[in-house]
Amino acid sequence: MSESDYVIDEMIPSADIAARIKELSGEIASEFSGTSKLFVVGLLRGSFIFIADLVRELDLPVEIDFLEASSYGDSMESSREVRILKDLRGQIEGRDVLLVEDIVDTGHTLNHVLNLLQSRSPAKLRTIALLDKPDRREVDICADWIGFKIPDEFVVGYGIDFAQRNRNLPHIGKVRFVKT
Ligand code: PRP
């Protein structure tokens, strides 16, 4: 697919994303109130913008770490095999942990990573995803907090890519394929 084969229509404006992050960060701060330090795990690469905005709204002491998982590569189809490409640097045993995901689609990535983190015995483990596409689910799983439920559309921007492009769009866009 070449660049000229699609256009991007705005789906969720950046102001709406910012407003929703403010709401969600308040709920997360209540859930983890009293924590000595919340261990926030960003799932690379798609969550890098979301986690940056989220932690700046969170009124809690935080430690930031990253884990990289991939199941799509440059493909539009999930391989359903989640590979851990980069593990955490920190230990999460006995810690309060928030896993930050950009989008839950089939659910394989969230399921795999949650199982991995749970096996390391955190004190409390919660998940947040900016976007949720429930119509695409293959694994019965849901994040504890969702920014926006969206229909089964191909989305890009705010960290999410199409063949490694468009991650730097400030809003969430919907890909519309056009005949050339
Ligand atoms: C994308 C996205 C989620 C995952 C969701 O990651 O960032 O992590 O797919 O899909 P699923 O629910 O069907 O498993 P991808 O593998 O494309 O890697 P990336 O974050 O580096 O783009």
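Please read all numbers here as calculations on a predicted model, not as lab measurements. Numbering of ligands and ligand atoms starts at 1, following listing order.
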Go through ligand 1 atom by atom and flag the ones less than 4.0 Å from a non-hydrogen atom of [X].
X	answer
His108	12 (O), 14 (O)
Ser70	16 (O)
Asp102	2 (C), 3 (C), 7 (O), 8 (O)
Arg45	19 (P), 20 (O), 21 (O)

Who clusters with Leu99? Use side-chain heavy atoms, under 4.5 angstrom, across I, L, V, M, F, W and Y, and order the result by chain and number. Phe39, Val41, Leu43, Leu67, Ile84, Leu88, Ile92, Val97, Val104, Leu110, Val113, Leu114, Leu116, Leu117, Leu125, Val139, Ile141
Suppose we screen for salt bridge (Lys or Arg N to Asp or Glu O under 4.0 Å). Which residues come up paired with Asp9, at least two apart in sequence or across chains? Arg176
Please determine if Asp161 has a nitrogen or oxygen closer than 3.5 Å to a nitrogen or oxygen of ligand 1. yes
Within-cut-off N or O pair, Leu110 and ligand 1, under 3.5 Å: no
Which one holds for Gln164 and ligand 1: side chain close, backbone close, both close, or neither close, with close meaning a heavy atom under 4.0 Å? neither
Ligand 1 contact on Glu101 by region, counting heavy-atom pairs under 4.0 Å: side chain
Look at atom 11 (P) of ligand 1 and find which of Ile103, Leu85, Thr106 reaches it with the closest heavy atom. Thr106
Please report whether the ring centroid of Phe162 lies less than 6.0 Å from that of Tyr6. yes
Decide, yes or no, whether a salt bridge links Glu31 with Lys124 under the criterion of side-chain N to carboxylate O below 4.0 Å. yes
Contact check, Arg167 vs ligand 1, heavy-atom distance below 4.0 Å: yes
